Every structure is written in structure tokens, then in C-alpha cells.
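Residue numbers count from 1 along this sequence. If you're wondering where the values come from, they're calculated on a predicted model, not measured in any experiment.
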Amino acid sequence: MVDYHAANNQPSAGGAQSYMVQENDWDRDLLLDPAWEKQQRKTFTAWCNSHLRKAGTQIENIEEDFRDGLKLMLLLEVISGERLPKPERGKMRVHKINNVNKALDFIASKGVKLVSIGAEEIVDGNVKMTLGMIWTIILRFAIQDISVEETSAKEGLLLWCQRKTAPYKNVNVQNFHISWKDGLAFNALIHRHRPDLIDYDSLRKDDPVTNLNNAFEVAEKHLDIPKMLDAEDIVNTARPDEKAIMTYVSSFYHAFSGAQKAETAANRICKVLAVNQENEQMMEDYEKLASDLLEWIRRTIPWLEDRTQEKTVNDMQAKQEDFRDYRCVHKPPKVQEKCQLEISFNTLQTKLRLSNRPAFMPSEGRMVSDINGAWHTLEGAEKGYEEWILSEIRRLERLEHLAEKFHQKAAIHESWTDGKEAMLKQKDYETSTLSEVKALLRKHEAFESDLAAHQDRVEQIAAIAQELNELDYYDSASVNTRCQKICDQWDLLGTLTQSRKESLERTEKQLETIDELYLEYAKRAAPFNNWMEGAMEDLQDMFIVHNIEEIQGLITAHEQFKSTLAEANKEREAIQSIQAEVQKIAQSNGIKLSGANPYTTITPSSIDSKWEKAMTMVPQRDSALQEELNKQNSNDSLRAKFATQANTVGAYIQEKMEEIGRISIEMNGTLEDQLTNLKDYQKNIMSYMPEINKLEGFHQLIQEALIFDNQYTPYTMEHLRVGWEQLLTTIARTINEVENQILTRDAKGISQEQLYEYRASFNHFDKVRGPNWGHSLIIILGLYFSELQLLTGASEFKACLISLGYDGEGEFARIMSIVDPNNSGAVTFQAFIDFMSRETTDTDTADQVIASFKILAGDKNYITAEELRRELPPDQAEYCIARMAPYAGPDGVPGALDYMSFSTALYGESDL
């Protein structure tokens, strides 16, 4: 028999209000239906007798037996467990009315609003009013306190029926009339709680009378639930009376209240285990993502640290292109993974705190700080690798230029020295005439002059070779060999020149006649010829410049050179006039010249030929210099374009970093509104991405043009990339912070007003963030992480607590040990929210879970696998069985499991 006394002694105000709303919905006109009235008479009579028999009495006719109010008062005393005023024993109508009024007053005192029901109608035997009164009593004392997951009484009873009958075929409980006509729902309720009483599989949906009679008889015989309806009344009615069915079903609910406690305990365990399973999955996902990201960083850093030198500029530019592909294609997804990893970690820690679980500690080397450290190392390697590539390109360009210059000068020198050694070794002066000897001496003097003029070129060749060695030119061996050969030959030429000069001077005394004109020609022709060769060499000399100033310097030097051409042409004409004078004297005096000028190999035709060649090189040089000037002007235009875009992007990033900082402080509205606004703000920021791509395009053009400096802007592409990435990460973290606050609010039951109060108090006393915290892009980047933490000092936090009503040094020390367990002297806003949540809300604890398991185990100190599988869903039952340690107590049985150590382990209170 169900005991209603304890359940109904102290009704809550909320329950009374809920009941009154239900009572106002009472549709009394429905009782005019004879079939429903019959069902209600039978059901309500049986329900009343199930309680009156405790007092040793019963009723036969519901509208007659309650007319004097005596049995009505007795019924109320039995079901409430309270004493009503002493009834009047008189037989007069007034005595009956007074008794019924006492009963109605007692009902009203329980928060029940009686509409249109008066004592006179009950005393007069009004069936409609009497049944309405009994239904009101049933609602208040048998149904009102039924609640499943904070639903109303009717909805709670319906939800309870749906859950209990869900596993059974052909049962679909949607209401308290049609869903019960075939009798299967009644049988399913009994079988769910007492499978030993009914063979459910033997029942047929097409035999409702048998099904109903079976359920009613079993309930009356084994569950002490009186038979309140006849099967034929239900089957033969198109729509059974809802109130009669609800009354009957409520009796089943109270009969199985013990099983309901077990279900509640199972639900609590399922909820706790579901949270634990979700957290474990998030931990596994974090570990995998962290491992993959660290492995990618580990593979990438050696590639970035590789400093294998290439031999040509093209090879290094190929490496530069590979690096650009890494920057634009391979790295961006990893930036997103890193950001997602931090968000997942923060969300997991928040969920663990909200569910009263210990904080998640990743595997060694996989902390967020470890990943940030590895990422910092990666970015350092990136910067070093990019700088090395650019320096190597500059070095190789310089090397290629120097190598080409070396080989050009060496070829000219080798061409000049060709045959000189054989000439200096000749003994022709031994058989020559005096005039020939004198001519040889003059010729030798001219050669010495020419030799001295070539000394500078030899020194230049040696200097270039030395520079190629210092710059680690890949073909230094062949350069050194060629340079050494030139130097050795030059030393030999010097020795041979000195030896020949001494030989000629020994015979010079015997020579008298010298052709002064030939001598003068030779002396003037040799340096002029050397000047022309030098001029042609300079006109052919390659050049490499990096800015307009350098090319303008070369143009100025070239213009100065052209200004000397008129004077040089006069010198050429003067030299040619000497040769003309020789011809004139010879013709005038009838002298037959023996051949070429004996003092020099430089002929007038060769001078004219070289002069004409030099004159054709001048406009070519003009064209080359002008082309380079145009190129430098184009490069300067590229610098200006990049600078304009970079200054715009830099200012935008700085503005948005300052703006997001203000938003994180000044946000108002609900957290959902803040989250929506932040996500809209994030979309607005992402719409600026084409400007970043446009800047990347300018940067690529600058790198392809080998431009290494830019005086028009203080920004570099690296700074702007980092600033953009940090801006996106800041927005993502701010969104995550609001999402975590929503999780905290929903899980802890904190109202929006409380969150506003907490943040306002915290921000008011937070001294870390000042009004000038975002005045430049570099400072924004430096303050980025501290801004996200929202730290406040211990003294400011104490002032904040005092403003919220906390006082006393001992209380303050207790709170600080909670919010700052590491004694860092600073308190984060998240720690502040967690503390306030614990102060104002309640959460699941290990003791509550242990108590729930104890209910499932039937008050035993252990539980069996069979009990777990019976009470919990399959996946969570197997989860518990796999993780529970064997029970070691003396009262255990084979297969007993220790649910106590398992429960404490869920909350980090044991080493299990």
C-alpha cells in the first residue's frame, strides 16, 4: 500500500500554484458523457476505497456516501495523515453542510482552488460536483507531486510512462486515453518493474480485453492496486476517460516508487558517466592534435635550419620559391590547428571545472606552453631561413658578377701577354745594326711603359680573386689557378724585361741614329692605346645597382667620361700627325722605309679601329645605363606601392587590435548577444583578407625584383603577417572566452545579471589594463597574452570581494587559496567566475554518485555487473564494468565491483 502521508505533509508554494493552474483547466462539462461518467464513478470509488479501508470502512455509492461529510473527512485524514476538526454527528442538513465545509476548507488550505464546488451540491448528491471534488483530491494528493525532469504533474506522469514502456513493442504512450485501450501499456509497466509477474511476449495487440484483465488482476493480486476499471468499459469506449486512466496509472507510479528511486539514481550515474566519456574523448582529440602539430614542427624545423649553399642564383631562387610555397600553402592550416588546439584545451578545462573534475594535464611535452615554445622556435627558424636565403642571393649575385669580371680582365691580360715572353727572350740585337739596336731600345722602353700600365690590371685581377675566395665562390680552385698563372707570368715578364733592357743598354752606346719621330709616336701611341683599351674595358664593364642614386652615379661618371672624348680625339689626331710627318719626311727626302715603326707595334690603323670601336660603345653604354635607370624607377614605384598598402594594412591591424581590446572590456548585452556581435565582428575582419592578399602580391613583386630595402615604410611583410595572425587569434580567443562564460553560466545557473555584476566588479578593480594599453602595433603584440588573461592583483581582488559583501582577513585568505592556489599574486577572471559559481550553486559530488550507486546495489557496499547492465544503458554499463576495480571487502561475492573507489576517481579523489 502506498503511503501518501509523508509526501503530502508540507506542500510547496510552487506546487500549489501548479496544481491551481491544473484545477482551473478542469472541464466539468465532459462529465456529461455517460461512458466517461461511468468510468469515473468506478475508478474514483475504487481509489477512495483503497484508502478508506485503512480506516476499516468503504463506500458503495460515491455521490450518496459523501453527503453527510463524515467519510469525506475520514478520507482526507487518511490520505493526508493530518487530523481535521471534529465532525458534527447530527443528522440535520446543516450538520452535513458544516462537515462538508470542513472538508472543503481543508482542501483549500492545501493550496487547491475549488471552482464552483460548494457544500450544498455535495450534500444534495450532485454527481458532477462530487466527481469533480474527488478528482481535485486525487490531483492534489496522488498526482501533483509526480515530477520528472522539472515537468508538470501530468507531463511528468506521461514522461514516466513513456520512458518505462519505450523498450516494448506495440506500445506508444502519447496520452492518457487512446494509448491505453489495448492493455499493452499497463502490462508493460508491470513487466518493466516485475518481469516475474507477466509473460509479455505472450500478449497480443488484437486481444485488448484479455490484456486489460490480465494487467488489472495481476496489479490487484500482487501490487495491492485495486481494480478501478472494467476492461469492457475501456475497450467499448471510443476515447476512455483521461482522468480515470490518470488515476489508475498514478497508482502504478506510487506502487513502483522504489523502482523510480533506482531509475533516478541510474539517471544521475548516466549523466556523470556521459560527462566523463565526453571529457575523455576531448582529451584524446587534444593529444592527437597536439602530437600531429608537434610532429609537423619537428619535421619542418630541420628543413628551415638547413644552410646547404647553392652554386647559382637560380638554385637559391628555387629555394626561395619553395619557402614562399611553405608560407602561403603549408603553414596557414597549421596556424588554424594551433588556434583550434588552444580553444579545445580551454573549453575542456572549463567543462572539467564545471563538472567538478580535476584539471586536464596533457602528456609530457604536449602542454599548450610546449606547443607555443615549439611554434616560437619554428618562427625563429623561419625568420633565420628567409634572411639566409636573401643574403645568399646577394652573395651569389656578387660572386657571379665578380667571376665574370675576373675572367674578362684575365682574358684581356692574357691576350696582351700573348707572345710577350718570346719577344723578351729574342737575341735579335746581336745581329742588328746600330740604328736597329737603338730602335729596339726605344721599342723596349715603350714596352716597359706598356708593362707599367698593365700593372694596375694585374693587381685588380688578384684583388678580385682574393674577394672570390673570401666569399666562398664554388669554383675558387680554377680562379686561383688562373690567377696564379697570371701572377707567375707577370713576375717572369718583369724579370725578362729587366734582362733585355740591360742587354740593349750595353749596346746602346754603339747606336747613334734614332728616328725621333718614330720614338715620339711610340711613346704617345702606347699610353693612348692603353687608355683606349681601358676605356673600352670600362664601357663593357658590367654593373649592379640597387637604387636610383647608384645608377645616377654611374650615369654622371659616364657623362664625365664623354666630356673627355674631345680632348682624347685631339690626342689621337696628334699621334696620327706624327706618323703623317714621318711619311712626309720620307717622301720629301726619298727615303725608303724598311717597314713598320720599329719602336712599337701600334699602328695608326689600329688606333683608328679601336677609336671607332670605342665610339660605337658609347651609345651602347648610354642605352644600358638608361635601361637600368628605368628599371630602378620601376623598382622605386614598387616600393611606393608596397609602402602605401603596408601603411594602410598596418594602421588597420593596429586599429582593430585596439578595438578588440576595448570590446573585450566594454561588451554589454547578453552573452549570446556578445557572442553574435563578436562573430559578426570576426566576419568583418575576415572581409579585409583581400587587402592582405593584395599586399602579399606587392611583396612577391618586390622580392622577384630583388628589392631589399624600402625607405617609404617602417613595416615589413613579416611584421604584418604576425600582426594579422595575432589579430585573428585574439578574436578567436575572445569568442572562446564568451563561449566559456556561457558554459559557466548554464552549468552553474548564474544569471545574466550576476555575470554583469561579477565582470563590473572585476573590471573596476583590475589595475593591469590601463587606458593606453594599445597605442601601437608592436605594443599590442607584446600585451596580447596578458590582455587575454584579465589579471588583477591580490589587493585589488580583496577590494573587489569587499564590494561584493565578503569581509575578514581569514575569509579573504580562504578565498585566495581557492582562486590563486599557486600564490602568484594575481587572479584571472575565469578563476573569479568559478569561485562565485561555487559560492552560489551546487554541483555533483563524489558522495552523491556513491549514494546513487548504493541505491542501484540495494544498499550493498559493492555492485555486480548484472545489476549495472539491468539499471544502466548498455554503453555506460560496460564503461563502468571495464573501469571498476574488484571489490575486496569481506562481504563481497564473486564478481563484486568496487563502485566507491570508481566514484571518487571520477572527481580526482583517488589514484584509481
Test log, rule salt bridge (Lys or Arg N to Asp or Glu O under 4.0 Å), inputs Lys523 and Glu520:
CA-CA 5 Å; Lys523 287 183 177 181; Glu520 184 181 359; over 6 Å; no
Has the side chain of Ser499 got a donor or acceptor atom that lies under 3.5 Å from a matching backbone atom of Thr495?
no
Arg524 to Ile575 - nearest heavy-atom pair and separation
O-CD1, 3.3 Å
Tell me the closest heavy-atom pair linking Ala374 and Ile297, and the distance in Å.
O-CG2, 3.7 Å
Check whether any side-chain N or O of Asn480 sits under 3.5 Å from a backbone N or O of Ser476 as a donor-acceptor pair, and report yes or no.
yes
Decide if atom CD of Glu470 counts as having more than 12 heavy atoms of other residues, nucleotides or ligands within a radius under 6.0 Å.
yes
Interatomic distance, Thr644 atom OG1 to Leu695 atom CG [nearest 0.5 angstrom]
10.5 Å
Report, one line per pair, each donor and acceptor closer than 3.5 Å where one atom sits in a side chain of residues 327-336; sequence neighbours left out.
| from | atom 1 | to | atom 2 | distance (Å) |
| --- | --- | --- | --- | --- |
| Arg327 | NE | Glu382 | OE1 | 3.2 |
| Arg327 | NH2 | Glu382 | OE1 | 3.4 |
| Arg327 | NH2 | Glu718 | OE1 | 2.7 |
| His330 | NE2 | Asp325 | OD2 | 3.2 |
| Lys331 | NZ | Glu382 | OE1 | 3.0 |
| Lys331 | NZ | Glu382 | OE2 | 3.2 |

Strictly below 4.0 Å, N to O, side chains only: are Glu392 and Lys319 in salt-bridge contact?
no
Between His376 and Asn372, is there a side-chain donor-acceptor contact under 3.5 Å, judged purely by atom types and distance?
no
Sub-3.5 Å donor-acceptor pair from the side chain of Glu421 to the main-chain atoms of Leu493, do we have one?
no
Does Asn647 reach the main-chain N or O of Ala643 with its side chain, forming a donor-acceptor pair under 3.5 Å?
yes
With rounding to the nearest 0.5 angstrom, report the NZ to CG distance, Lys425 to Leu496.
6.0 Å
Between Asp475 and Ser478, is there a side-chain donor-acceptor contact under 3.5 Å, judged purely by atom types and distance?
yes
Quick one: which of Glu696, His699, Lys694 gives a side-chain contact (heavy atoms from CB on, under 4.5 Å) with Gln645?
Lys694
Angle class for the Trp296/Tyr326 ring planes (parallel below 30°, perpendicular above 60°, tilted otherwise)?
parallel
With no hydrogens and no angle check, is any side-chain donor or acceptor of His444 less than 3.5 Å from a backbone partner on Thr497?
yes
What are the two closest non-hydrogen atoms of Gly650 and Leu720, and how far apart are they?
CA-CD2, 3.6 Å
So, does Ser637 use its side chain to make a donor-acceptor pair with the main chain of Asn633 at under 3.5 Å?
no
Does the side chain of Gln317 come under 3.5 Å of the side chain of Glu321 through a donor N or O and an acceptor N or O?
no
For Asn684, does its backbone N or O pair with a side-chain atom of Ser687 as donor and acceptor, under 3.5 Å?
yes
Show your working on salt bridge (Lys or Arg N to Asp or Glu O under 4.0 Å) between Glu414 and Lys485 and close with a plain yes or no.
CA-CA 10 Å; Glu414 289 167 348; Lys485 181 179 179 182; 5.8 Å; no
Ser605 and Asp608 side chains, donor-acceptor separation under 3.5 Å
no
Glu704 side chain to Gln700 side chain, donor-acceptor N/O pair below 3.5 angstrom
yes
Presence of salt bridge, Glu573 and Lys570, under 4.0 angstrom:
no
Between Thr312 and Asp315, does a side chain to side chain donor-acceptor pair (under 3.5 Å) hold up when you go through it step by step?
CA-CA 5 Å; Thr312 66; Asp315 292 339; 3.1 Å; yes
Examine Lys420 relative to Trp416 and say whether NZ or CZ is less than 6.0 Å from the centre of the six-membered ring and inside a 45° cone about the ring axis.
yes
Taking the basic N atoms (NZ, or NE/NH1/NH2) and the acidic carboxylate oxygens, is any pair closer than 4.0 Å for Glu379 and Lys383?
no
Where Thr300 and Leu378 come nearest, the two heavy atoms and their spacing:
CG2-CD1, 3.8 Å
Verdict with reasoning, Glu537 to Arg457, per side-chain contact (heavy atoms from CB on, under 4.5 Å)
CA-CA 11 Å; Glu537 183 178 331; Arg457 181 179 289 114; 2.8 Å; yes
I would like to know whether Gln703 and Glu386 meet side-chain contact (heavy atoms from CB on, under 4.5 Å); could you show each step before the answer?
CA-CA 11 Å; Gln703 287 195 325; Glu386 185 175 35; 3.6 Å; yes
Using side-chain contact (heavy atoms from CB on, under 4.5 Å), reason through Ile461 and Arg482 one step at a time and then give a plain yes or no.
CA-CA 10 Å; Ile461 291 172; Arg482 192 172 187 181; over 6 Å; no
Using a 3.5 Å distance criterion without hydrogens, assess whether the side chain of Thr729 forms a donor-acceptor pair with backbone atoms of Glu725.
yes
Between Tyr652 and Tyr688, what is the ring plane arrangement, given parallel below 30°, perpendicular above 60°, and tilted in between?
parallel
Check: Pro619 main-chain N/O paired with Ser623 side-chain donor or acceptor under 3.5 Å:
no
Looking only at the side chains, is there a donor atom on one of Asp306 and Thr308 sitting less than 3.5 Å from an acceptor on the other?
yes
Work out which heavy atom in Cys483 is nearest to a heavy atom in Ala462; give both atom names and the distance.
SG-CA, 3.8 Å
Do Asp636 and Tyr712 get their side chains close enough for a donor-acceptor pair, meaning under 3.5 Å?
yes
Check step by step if salt bridge (Lys or Arg N to Asp or Glu O under 4.0 Å) holds for Glu559 and Lys562.
CA-CA 5 Å; Glu559 292 299 323; Lys562 289 196 297 183; 3.2 Å; yes
Between Gln426 and Arg500, a side-chain donor and acceptor under 3.5 Å
no
In Å, rounded to the nearest 0.5 Å, how long is the span from CD1 of Ile653 to CE of Met657?
9.0 Å
Does this structure show an ion pair linking Glu445 with Lys501, if we count only N-O contacts that are shorter than 4.0 Å?
no
Can you tell me how far the CG atom of Leu304 sits from the CD1 atom of Ile389, to the nearest 0.5 Å?
8.5 Å
Greater than 12 external heavy atoms within 6.0 Å of Glu627's CD:
no
Hey, could you give me the OG1/CZ distance between Thr713 and Phe642, rounded to the nearest 0.5 Å?
6.5 Å
Which atom of Asn569 lies closest to which atom of Arg572, heavy atoms considered:
OD1-NH2, 2.9 Å
For Glu305, enumerate each residue passing the salt bridge (charged side-chain N to carboxylate O under 4.0 Å, His left out) test, keeping only those at least two apart in sequence or located in another chain.
none
Working note: Thr600 + Arg442, criterion side-chain contact (heavy atoms from CB on, under 4.5 Å); need CA distance, chi angles, decisive distance, verdict.
CA-CA 8 Å; Thr600 181; Arg442 299 295 186 273; over 6 Å; no
Strictly by modelled atom types, are Asp622 and Gln626 linked by a side-chain donor-acceptor pair under 3.5 Å?
no
Rounded to the nearest 0.5 Å, what separation is found between the CG atom of Leu293 and the CD1 atom of Ile371?
6.0 Å
Look at the side chain of Asn710 and the backbone N and O of Arg639, then say whether any donor-acceptor pair between them is shorter than 3.5 Å.
yes
